[in-house]
Amino acid sequence: MLPLAHVGHYLWVLYLLPILFVIAGIIKTTLSEKRRKEDAPPGGGTGEGPRTDQPDRPQDPPP
Amino acid sequence: MSMLPFAHALAARQDLPVPAWLFAWGASIVLIVSFFALAAGWRKPRFEDAHWRPLGAGLSRLLLGRPVQALCGAIGVFLLGVAVYAGLRGTEAPDRNFALTFLFVTAWLGFPVFSALLGDVFRPFNPWRAVGRLAGAGFRAIAGQRPAHLAYPRALGRWPAAIGLLAVVWLEVVYGSSGGVAVGLDPETAATAALFYSAYTLAMMALFGVEEWCERGEIFSVYFGMFGQLGWFGAEDGRLGRRRPLSAATRWATLPGSAAVVIASIATTSFDGASEGAFKGAIESCFDWFVDRGIGLTASLRLTDTIFMALCFAGVALVYMLGVRGMRTVRGAPSLQTLRAGFAHTLIPIALAYLVAHYFSLFVFQEQAQFTYLLSDPLGTASTDLFGTASGGIDFTILSANAIWYVQVGALLAGHVLALTLAHDRALVYWPNYRDASRSQYWMLAVMVAFTCFGLYLLSVSNG
């Protein structure tokens, strides 16, 4: 038996779903990027297209 | 005359065309679309340079000059004095006493909103800064030299202000609401706390210097000044100028403890909203648990509320740290510490949004009282009618429940889109390759969606 009389108590799930969708999307994108990098031939780049030739080293925080 | 229940959340049911949870879905979609729009079209940092342009020299001289500053300071001292006097000598009824509405509604909620628009407007009106500066000038005149101060411990940063912010809200929301009455802090306690705080602040100013303490430890300067970083106007090198809105915020969080200040702001607002709605059941269970173990009713309530407030702080900090840790996984990321401090300012619009969303209706209703009967009869004893408005009241029909809801949703949405924009802008500083910068913001998008949905859930429960 579903506790339908108390269904209002579970409304928070509907507020949680968008967060879960976004997190699922992030995980899926991250995994597919990782897989693409692994599948790429050695020295063949990342498969992301040309990168602007910028340093990867992080900058110091702005003053 | 209408009596105002001094509750924070509005307890009115809306008549919405769609279920409230659909607003959370809609807001999430807006945030996701904003994220992709930023990723596609915003490829260079635009907020790092404030584009500060001086206003007319005459206007600057007038507004920042000694006479106007002294006048503003005197107004601040006078109003604090009225609030303290009303608290000590006025009626015990919180809704009839000038002190509570002035301190916890007009000042506490009004300054953030006006600061976010105009810049740091609290600074000239800060009563403790005015007294401190006056004392310093007096010392110089008598001793013929500047007062010597201790070096402020750098590691402390803004932590005194962060802890103080929690303490102020704790006093109002936890201590005030558990004293046996359901209408908030009693005015005498508020006035006594204001006196203690004044003594503490002036002592700290004497130790570390007025401006140093205002920048780091004075709760209200730090808290209102934080929102002032979003505003259009600011002073640089003694001159008033116009700047790009939001841009000053990019340099705000460089001091230790700044992230804690903004997290405390979001957490305390969340707790205040949730304690009357979403957390009510859990709070009651925890309260019963303490009572069953023989702890007194008032102590149990205060203990429970304190625990839940601390949990809110930990929860908000955890969500933010998850976003920061997510960014750390992107190649070329700076250190965790750099990221944690570097993105703290992006939470300021969220703190403002939470404040507007949770207190908008209270502010609109209670300001009617402030500028009618509380102004004419500050003590609430029906003994004065200074401006002939003592018989005024609050018109609760000025806002419909639906109008309040739409303002709440709009504020939350706007705040989170601005936060997302600030975060994207900062990411472009740390990751010069805009693709990496956008990738780093996946997790901040999750943080923004989480805060939006959580905020809307709190509002829907407390409004429903």
Side-chain angles (χ1 to χ4, degrees), chain A, chain B residues 19-29 31-32 35 43 45 47-49 250-251 253-254 278 281 319 322 326 329-335 337-339 341-343 426 429-436 439 442-443 445-458 460-461 464:
Chain A
M1 284 287 285
L2 278 172
L4 289 177
H6 300 287
V7 74
H9 294 168
Y10 300 99
L11 270 180
W12 59 269
V13 174
L14 294 170
Y15 291 86
L16 191 64
L17 282 177
I19 306 168
L20 295 179
F21 284 146
V22 170
I23 291 174
I26 293 168
I27 291 170
K28 186 174 176 290
T29 309
T30 309
L31 288 177
S32 66
E33 278 176 3
K34 202 174 169 186
R35 203 171 300 128
R36 206 165 53 223
K37 272 181 204 166
E38 284 169 0
D39 292 346
T46 58
E48 295 172 344
R51 276 192 61 184
T52 54
D53 196 19
Q54 307 251 19
D56 276 340
R57 193 183 64 76
Q59 292 186 343
D60 290 332
Chain B
W21 58 267
L22 265 179
F23 284 87
W25 288 58
S28 302
I29 291 168
L31 283 172
I32 292 166
F35 171 81
R43 297 186 177 185
F47 288 123
E48 298 299 325
D49 180 5
T250 58
R251 293 183 297 277
T254 48
V319 171
L322 285 176
T329 61
V330 177
R331 71 173 167 180
S335 69
Q337 198 180 4
T338 304
L339 287 173
F343 283 83
R426 176 49 59 87
V429 176
Y430 291 141
W431 288 272
N433 181 323
Y434 76 90
R435 286 170 193 267
D436 288 339
R439 206 166 290 147
Y442 288 165
W443 289 101
L445 172 66
V447 169
M448 302 305 168
V449 171
F451 279 136
T452 306
C453 291
F454 180 60
L456 286 170
Y457 173 64
L458 293 185
S460 72
V461 174

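A note on names: the letters A, B, ... follow the listed sequences, proteins ahead of strands, and every chain is numbered from 1. Treat the numbers as computed from the prediction; the structure is a model and nothing was measured.
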What's the spacing between [X] [atom1] and [Y] [atom2] if we round to 0.5 Å?
{"X": "Ile26(A)", "Y": "Trp443(B)", "atom1": "CD1", "atom2": "CH2", "result": "5.0 Å"}
{"X": "Leu14(A)", "Y": "Tyr457(B)", "atom1": "CG", "atom2": "OH", "result": "10.5 Å"}
{"X": "Trp25(B)", "Y": "Leu17(A)", "atom1": "CH2", "atom2": "CG", "result": "5.0 Å"}
{"X": "Ile19(A)", "Y": "Ser28(B)", "atom1": "CD1", "atom2": "OG", "result": "7.0 Å"}

Ile32(B) versus chain A, the contacting section by heavy-atom distance below 4.5 Å: side chain
Side-chain touch Trp12(A)/Val461(B), heavy atoms, less than 4.5 angstrom: no
Main-chain N/O of Phe454(B) paired with Tyr15(A) side-chain donor or acceptor, under 3.5 Å: no
Minimum-distance pair of heavy atoms, taken over all atoms of Val22(A) and Ala446(B): CG1-CA, 3.9 Å
